[in-house]
Amino acid sequence: MGEETITVGEISRGDAEGTPVELPVVDVLTGRSFVTGKSGSGKSNTASVICEKLLDKGFGILIVDIDGEYYGLKEEYEILHVGGDEECDLQVTEEHAGKIAELALEQNVPIILDVSSFLDESEARALLTEVTKHLFAKEKKVKQPFLMLVEEIHEYIPEGGGVDECGRMLIKVSKRGRKHGLGIVGISQRPADVKKDFITQCDWLVWHRLTWNNDTKVVGRILGNEYADHIEEMDDGECFLMTDWAENIRVVQFERKKTFDAGATPGLDDFERPELKSVSGDLVQELEEISETQERRENRIEELERELKQKDERIRDLERQLKEAQDLKKMADRFSRAMMEQVTGRPLSAAPGRQSELDEVAGPVRRDPELEAELEAIRNGEKERESSPVPVAGSDDGNEAEPTEDGEPTTVSDRADSDSPTEPASDTKSRADSESSTSEDDAFETSDWPAETDAQSFGFGGIDRVAGTDTGETDGDDSPTVSDVANGSAREPTASPALSGGERLVDRLRSEIAALDDTAVEMLRAYRDHGPMTPQEAHEAAGGSGDRTGAYSMNRQLRERGFVAHASRGRHEYALPSLVAEETVDPFNPDQPVDGTEHALLVQAVESAFVEGVDAPETVDATAEVAADGGTDSSN
């Protein structure tokens with residue numbers, strides 16, 4: 001064949017029985033595969049044989065182990081086993097995802113990612129998602145053939161349920177990974193539960209024994225009814241092998257794996273775990289440093305949280321002490337007030353005079369005529385003050401108070417308006433009583449507030465800015481206002497940030513099309529115009545002979561570049577629109593939708609290179625801007 005291969009078994013039925021079966025290494029490493037079969041039919045053995053053959057030749061792989069059954073490979077190979085418990089070589093989290101991808105691709109370290117060891121499934125999915133993202137992103141640069149093997153793939157890309165971010169990344173690898181050198185093998189015992197978009201994208205498929213009716217129906221739709229009738233009779237390890245590089249579907253008996261079978265069903269015999277190879281200490285040093293950094297960060301967070309809790313408790317304790325002190329002060333104030341009122345025989349008028357009145361009775365109380373006369377004079381003077389009019393203390397216009405002949409203050413405006421009626425004495429007394437009845441608890445807590453408050457002093461700016469009017473000032477923001485849009489003075493919108501990437505994509509795809517053979521270009525046009533067809537049919541439509549070898553050779557050029565994709569039963573379909581859509585999506589933000597208008601223009605720009613009547617758009621910029629702006633019309 002002229003290319004490196006691995007031998008995985010031999011043909012078990014038919015005229016070619018006993019003939020070795022070889023798989024091309026490049027197609028295995030970079031292709032898309034699906035291995036299925038009921039429990040005990042041999043699908044895990046098949047996956048292990050493929051891994052062993054690739055490890056024998058020194059190729060890198062990453063195994064996503066959902067059941068913890070692949071660590072037996074360490075019996076023969078130095079392979080890094082990472083996961084979430086102490087059984088692994090190293091415990092990892094999503095913080096290690098970038099380093100795992102670097103070890104796998106740049107240092108060619110085979111890795112078992114054991115997600116079965118995580119108690120929290122969300123942590124396992126987050127780790128697998130991040131590892132897949134980093135593998136996909138790095139493969140765009142290194143372009144190294146690398147295989148990702150995923151057990152129980154129906155858990156991530158189910159047929160009937162929704163697909164989360166992890167599943168979307170695995171589907172992206174199955175559709176676009178081959179172009180960058182990243183292949184994937186999905187393994188499941190229930191093909192009916194696996195998303196059909198994944199199965200139909202596969203270049204080679206392995207079908208072990210299936211018995212459930214729903215699963216055999218899938219075999220009938222993809223392989224044909226005659227194969228569905230025989231799939232239930234397959235022996236252990238026997239399978240139907242369907243590949244893009246072989247014309248016929250073969251019945252193959254896979255070899256037995258040579259390493260410890262950690263996934264075998266336990267029996268009555270004693271379990272003997274073989275001695276497993278350990279990886280070099282230098283290999284995991286950087287991963288351990290990430291773990292240590294993460295541990296230090298977590299310890300620091302716990303320490304800060306503990307300090308914060310202690311300070312919160314201290315604040316609550318101080319607040320309690322302050323409340324108790326305030327209660328004691330209030331109690332002392334009430335007691336001193338009661339004592340003062342008992343001594344003077346009258347209620348205290350206001351809190352500021354309390355200290356002077358207390359000073360009057362600081363000495364011992366003597367019941368003598370002179371003191372009685374003095375107390376009587378005080379009482380008489382209080383009554384005279386209560387019966388006299390109370391002057392105004394001040395006015396809002398800023399007039400200052402001046403003393404009158406009887407010593408009571410008045411204001412300039414009061415003298416000017418001496419003809420105006422005065423406030424009745426009874427009302428004055430009521431107001432004075434109301435003021436004097438203010439609780440002594442609040443007397444020392446009052447404060448003066450400014451008569452006016454400048455909004456700008458609180459950081460809100462002037463009233464004109466709040467109201468949205470133009471003050472003639474600028475704060476450095478040159479964004480168009482509502483008035484700018486109304487009078488047409490708004491700035492022209494800038495080009496979409498994704499535009500330069502779109503232009504590079506168009507140039508690259510047009511260059512790839514220009515590099516194709518003329519017949520391959522004509523086949524691509526035939527796929528576009530006539531829909532799904534076999535490579536022979538497309539070859540004839542392109543003016544070729546329809547010879548199988550030549551047709552598949554031309555078709556392979558299109559399939560490897562992503563211009564066509566496998567549909568079903570040997571037919572392929574036009575895939576340029578989906579290729580453009582996938583290339584314009586950020587792998588680290590796969591949920592961001594691609595703008596429909598920009599997508600259509602990019603496809604049109606690429607198709608103009610090989611389709612007559614399709615002109616390249618004069619500019620992608622303007623339409624991309626309209627698409628980025630939601631497709632609105634400035635005239636509205």
Any donor and acceptor pair, going by atom type alone, linking the side chain of [X] with main-chain N or O of [Y] inside 3.5 Å?
| X | Y | result |
| --- | --- | --- |
| Asn45 | Glu255 | yes |
| Arg168 | Val163 | yes |
| Asp215 | Ala192 | yes |
| His96 | Thr93 | yes |
| Arg525 | Val521 | no |
| Lys43 | Ser188 | no |
| Ser48 | Ser44 | yes |
| Asp114 | Ser116 | yes |
| Asp193 | Pro158 | no |
| His539 | Gly546 | yes |

Under the salt bridge (Lys or Arg N to Asp or Glu O under 4.0 Å) rule, collect the residues that match up with [X], sequence neighbours excluded.
| X | answer |
| --- | --- |
| Lys141 | none |
| Glu94 | none |
| Glu159 | Lys196 |
| Asp164 | Arg125 |

Quiz item: Do Arg510 and Ser608 get their side chains close enough for a donor-acceptor pair, meaning under 3.5 Å?
Solution: yes
Quiz item: Can Ser174 and Gln201 be counted as having a side-chain donor-acceptor contact under 3.5 angstrom?
Solution: no
Taking atom [atom1] as the centre, does [X] end up with more than 12 heavy-atom neighbours from other residues, nucleotides or ligands that are less than 6.0 angstrom away?
| X | atom1 | result |
| --- | --- | --- |
| Glu121 | CD | no |
| Asp56 | CG | yes |
| Lys38 | NZ | no |

Practice problem: Using the ring-ring contact (aromatic ring centres under 6.0 Å, His included) rule, collect all pairs that involve residues 540-577, keeping only residues at least two apart or in two chains. | Solution: His566-His572
Pairs under 3.5 angstrom only: tabulate donor-acceptor contacts from the side chains of residues 58-67 to other protein residues two or more places apart or in another chain.
from, atom 1, to, atom 2, distance (Å)
Asp65, OD1, Asp67, N, 3.2
Asp65, OD1, Gly68, N, 2.9
Asp65, OD1, Glu69, N, 3.3
Asp65, OD2, Gly68, N, 3.4
Asp65, OD2, Glu69, N, 2.8
Asp65, OD2, Tyr70, N, 2.9

Can you tell which of [options] makes a side-chain contact (heavy atoms from CB on, under 4.5 Å) with [X]?
| X | options | result |
| --- | --- | --- |
| Leu23 | Leu241, Thr5, Thr7 | Leu241 |
| Ile187 | Val194, Val150, Thr46, Leu149 | Leu149 |
| Trp207 | Val218, Val251, Val35 | Val218 |

Ion pair [X]/[Y], N-O distance below 4.0 Å:
| X | Y | result |
| --- | --- | --- |
| Glu512 | Lys179 | yes |
| Arg571 | Glu537 | no |
| Asp27 | Arg556 | yes |

Quiz item: What is the ring orientation for Trp204 with Trp245, classed by angle as parallel under 30°, tilted 30 to 60°, or perpendicular over 60°?
Solution: tilted
Quiz prompt | salt bridge (Lys or Arg N to Asp or Glu O under 4.0 Å) between Lys133 and Glu165, worked out | solution = CA-CA 10 Å; Lys133 284 181 179 179; Glu165 184 181 8; 2.5 Å; yes
Practice problem: Would you name the heavy atoms of Met234 and Arg13 that are closest together and state the gap between them? | Solution: CA-NH2, 4.5 Å
Self-check item: Spatial distance of atom CZ (Arg32) from atom CG (Leu205) [nearest 0.5 Å]
Solution: 11.0 Å
Quiz prompt | Test log, rule side-chain contact (heavy atoms from CB on, under 4.5 Å), inputs Leu601 and Gln604 | solution = CA-CA 5 Å; Leu601 279 176; Gln604 179 184 346; 3.9 Å; yes
Quiz prompt | Stepwise side-chain hydrogen bond (donor to acceptor under 3.5 Å, both in side chains) test for Ser12 and Glu238 | solution = CA-CA 8 Å; Ser12 60; Glu238 194 176 39; 2.7 Å; yes
